[in-house]
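See below for the structure under consideration.
Atoms within each ligand, like the ligands themselves, are counted from 1 in listed order. Every value quoted in this text rests on a predicted model; they were computed, and no experiment measured them.
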Amino acid sequence: MVAPKVEQRARRIHVSGIVQGVGFRPFVYRLAKDMGLKGFVRNTPHGVEIHIEGDGASRSFVERLRGSAPPNARIDRIEVLPDTDQGYADFTIDTTSGGEATVFAPPDLFLCGECFDELFTPSDRRYRYPFINCTNCGPRYTIIRGLPYDRVNTTMKVFRMCPRCDGEYRDPSDRRFHAEPNACPDCGPGVFFTEGGEKVPGGIERAVERLRQGMLLALKGMGGFHLLCDARNARAVERLRDLKQRERKPFALMARDLETVEAVADVTGDEKAVLLSAQRPIVLVRKRTQIEGISPGIPTYGIMLPYTPLHALIMERIPLVVATSANLREGPILKDESEGVRELSDCLLTHNRDIVMRCDDSVLKLAAGRRIFVRRARGFVPEPLGINFEGRNRILSLGGELKNTVSILKDGYIITSQYLGDMKDLGNRQYLEEVIAHFSTLYAFVPDVVTCDLHPDFTTTRMAEGWGKPVVRVQHHMAHVFAVLAEHGLSPEEPFLGVALDGVGYGEDGRIWGGEFFVGGRGMIQRAFHVRYVPQQGGDLATLEPWRMALGYTMDALGKPVRMGVLATVDEKKLTAAGNAIRQGVNSPLTSSVGRLFDAVSAILGIAPLRIDYEAEAAMRLEGIACEDAQEYYPFEVRGDEIDMRETIRAVVEDTAPPAVISGKFHNTIAQVILTVCEASRKRYGIQRVILSGGVFLNAVLLARAITSLREMGVEVYAPEKLSPGDEAISVGQAYFAALNRGEA
Ligand code: ZN
Ligand code: ZN
Ligand code: FE
């Protein structure tokens with residue numbers, strides 16, 4: 001007997017990317033229903049699996065799948081296979097899931113428009129409920145204990161859904177179908193107000209009243225506590241500075257809405273889009289009005305919009321507040337009441353939805369329409385980075401020391417932690433351990449290889465050595481370059497020029513590097529040019545006191561110190577002692593750091609403070625005054641592998657133009673150095689591809705100029721966009737470097 005010929009109409013579709021915890025299955029359900037298809041959709045360890053059968057609609061189904069996916073989903077790959085017709089009567093959502101953990105855990109999402117509307121609709125059953133959320137919004141990464149992303153694996157487990165919430169949760173046509181943190185006033189978490197040892201439920205209005213009275217409020221949000229005060233109350237801002245022991249470090253603001261932002265800052269269209277984006281980061285925008293004490297000495301404010309319902313309810317009643325992470329000195333952001341947040345505030349507004357993973361706000365700025373990550377955290381973590389490379393080894397990268405992160409590499413993806421801060425701080429080291437433990441559970445991750453910096457004395461280096469696995473050590477600036485290669489999916493086989501302009505990094509020769517130009521290709525990377533070494537008198541102290549770099553640079557360029565700018569205000573004895581130390585080569589390690597060169601010029605011009613209050617303050621001030629119209633640049637010389645900046649320093653000292661113009665010309669000079677080296681490498685090595693990396697490229701003026709002029713020259717330019725140019729990317733670069741080098745110790 002011959003079987004009747006049946007046309008294979010069924011399809012099995014695998015979708016990978018960020019497709020869990022973002023309302024993907026209900027979306028597929030509605031789409032299939034709409035097209036009259038039968039079958040099912042379910043979560044798998046690797047993404048989402050769909051089985052459809054029906055009238056030959058598979059192609060348009062896939063097109064619509066790709067074209068109209070939910071706003072927070074990210075589809076990396078869709079694989080379509082023929083399947084056997086099972087004769088399904090309907091299309092259903094199969095809610096069982098299991099197996100080994102995927103690399104995709106969803107990031108935290110801001111309060112969506114629909115939930116926002118319900119929040120302020122008096123007839124809605126969640127009217128003014130501070131924990132309203134749906135499949136398109138709400139906490140994710142910060143409340144997940146393990147994967148798969150189901151309610152039992154989150155801190156919402158302790159709240160049993162009431163029948164109405166449960167009904168929404170089970171209804172595939174509802175916006176809250178499998179919204180894991182789903183809650184309402186009857187069954188979900190609540191807020192509590194604490195003042196003078198008394199803790200009462202509710203109290204949002206009282207909290208706002210205290211803010212209006214000029215008091216400091218500690219507010220528990222998504223990834224930890226913020227310290228809030230009325231931004232317009234200069235005395236409150238000053239008290240907050242005293243408590244945080246910060247003289248000038250910029251405080252982030254939270255504004256009620258875009259209108260409020262525009263009242264205090266000039267905001268471009270691109271900046272508005274980022275302010276309103278699903279991640280709701282802090283965006284650096286140009287000041288329009290001066291608000292006392294917020295960000296002294298620099299021309300920008302860091303502003304964000306409310307991103308949780310609780311924030312929205314507070315901001316409804318007060319338009320503009322300071323909202324800075326609550327931490328002790330530069331330790332990790334505090335997430336529990338027991339961690340000392342009381343000492344930093346007059347009163348507390350907390351809630352009983354536990355935070356598993358603490359996470360700071362992300363900070364972004366824009367340069368010529370491109371985004372620059374100043375800090376990558378909430379909303380972007382733990383988005384995986386696909387690297388087009390299938391290595392066998394699972395790699396744990398411990399990064400460096402300042403502004404550290406950790407990364408893991410698994411199944412062709414790099415997952416990077418949120419910003420963890422300076423590893424010299426014990427609290428931050430514990431934070432790093434919390435994150436590694438969290439990643440290990442979340443991703444069922446056990447490393448085969450551990451990476452660290454070349455620096456022998458970093459905590460992270462010693463941790464790597466103690467791990468009991470093969471260790472790969474990666475030079476700091478090579479890691480910077482490899483991070484950018486990784487995020488652009490570039491193979492290091494093709495020849496490239498890797499530019500790393502940076503603060504500090506331990507060099508292969510034991511000196512302090514930071515003005516490095518590498519030539520790479522065929523899997524190799526080699527230092528080809530570097531900025532001329534100058535003495536960094538006082539070692540680490542020179543990073544805090546920019547005049548020491550001005551002294552080192554002027555003595556190198558002119559043979560004697562110059563009493564100008566900040567150097568004119570330094571105590572005579574101190575200056576003489578430092579000068580002698582340089583002459584005798586005592587406590588004056590050599591550096592090629594371009595970050596330190598910016599410090600020197602900032603100090604020579606009298607723009608830098610005598611002692612900085614936060615990292616890169618001197619350089620940020622120099623960038624802040626840079627005149628955009630300046631066209632000229634100062635002379636410099638490239639001799640052999642050395643880039644000699646002495647002529648630049650002499651010209652800066654002699655230039656009588658206003659500091660703003662000198663700063664503009666200096667920025668042009670650094671861009672010109674990159675161009676000159678690029679031209680030389682093009683001739684010598686046939687390089688067509690330039691990688692820009694390192695903390696100096698947090699400077700928007702420099703980045704924009706460098707990119708524009710390199711493009712005019714006709715080379716391909718790659719700069720950081722998904723990751724920070726700074727040290728937060730070191731762990732990523734280490735992971736990629738180690739993967740490509742087969743992880744051999
Ligand atoms: Zn929502
Ligand atoms: Zn409920
Ligand atoms: Fe660096």
For this session: Take Ile415 and Leu385, measure what side-chain contact (heavy atoms from CB on, under 4.5 Å) needs, and give me the verdict at the end.
Result: CA-CA 6 Å; Ile415 302 151; Leu385 180 74; over 6 Å; no
Problem set entry | Arg511 to Tyr533, cation-pi by 6.0 Å centre distance and 45° axis angle | yes
For this session: Please say whether the positively charged group of Arg689, taken as NZ for Lys or CZ for Arg, lies over the ring of Phe496, i.e. under 6.0 angstrom from the six-membered ring centre and within 45 degrees of the axis.
Result: no
Exercise. Does Ser681 reach the main-chain N or O of Val677 with its side chain, forming a donor-acceptor pair under 3.5 Å?
Worked result: yes
Problem set entry | Near-ring test Phe458/Tyr506, centroid separation under 6.0 angstrom | no
Exercise. For the Fe ion (ligand 3), which protein N/O/S atoms are closer than 2.8 Å?
Worked result: His476 NE2, His480 NE2, Asp502 OD1, Asp502 OD2, Asp727 OD1
For this session: Run the salt-bridge test on Arg126 and Asp124 with the 4.0 Å N-O cut-off and return the result as yes or no.
Result: no
Exercise. Can Arg596 be said to sit on top of Tyr553's aromatic six-ring, NZ or CZ under 6.0 Å from centre and within 45° of the ring axis?
Worked result: no
Problem set entry | Neighbouring protein N, O or S atoms of the Zn ion (ligand 2) [cut-off: under 2.8 Å, no waters] | Cys162 SG, Cys165 SG, Cys184 SG, Cys187 SG
Exercise. Passes side-chain contact (heavy atoms from CB on, under 4.5 Å), Leu597 versus Phe666? Steps please.
Worked result: CA-CA 10 Å; Leu597 174 57; Phe666 175 70; 3.8 Å; yes
Problem set entry | Minimum-distance pair of heavy atoms, taken over all atoms of Pro535 and Leu590 | N-CD2, 3.8 Å
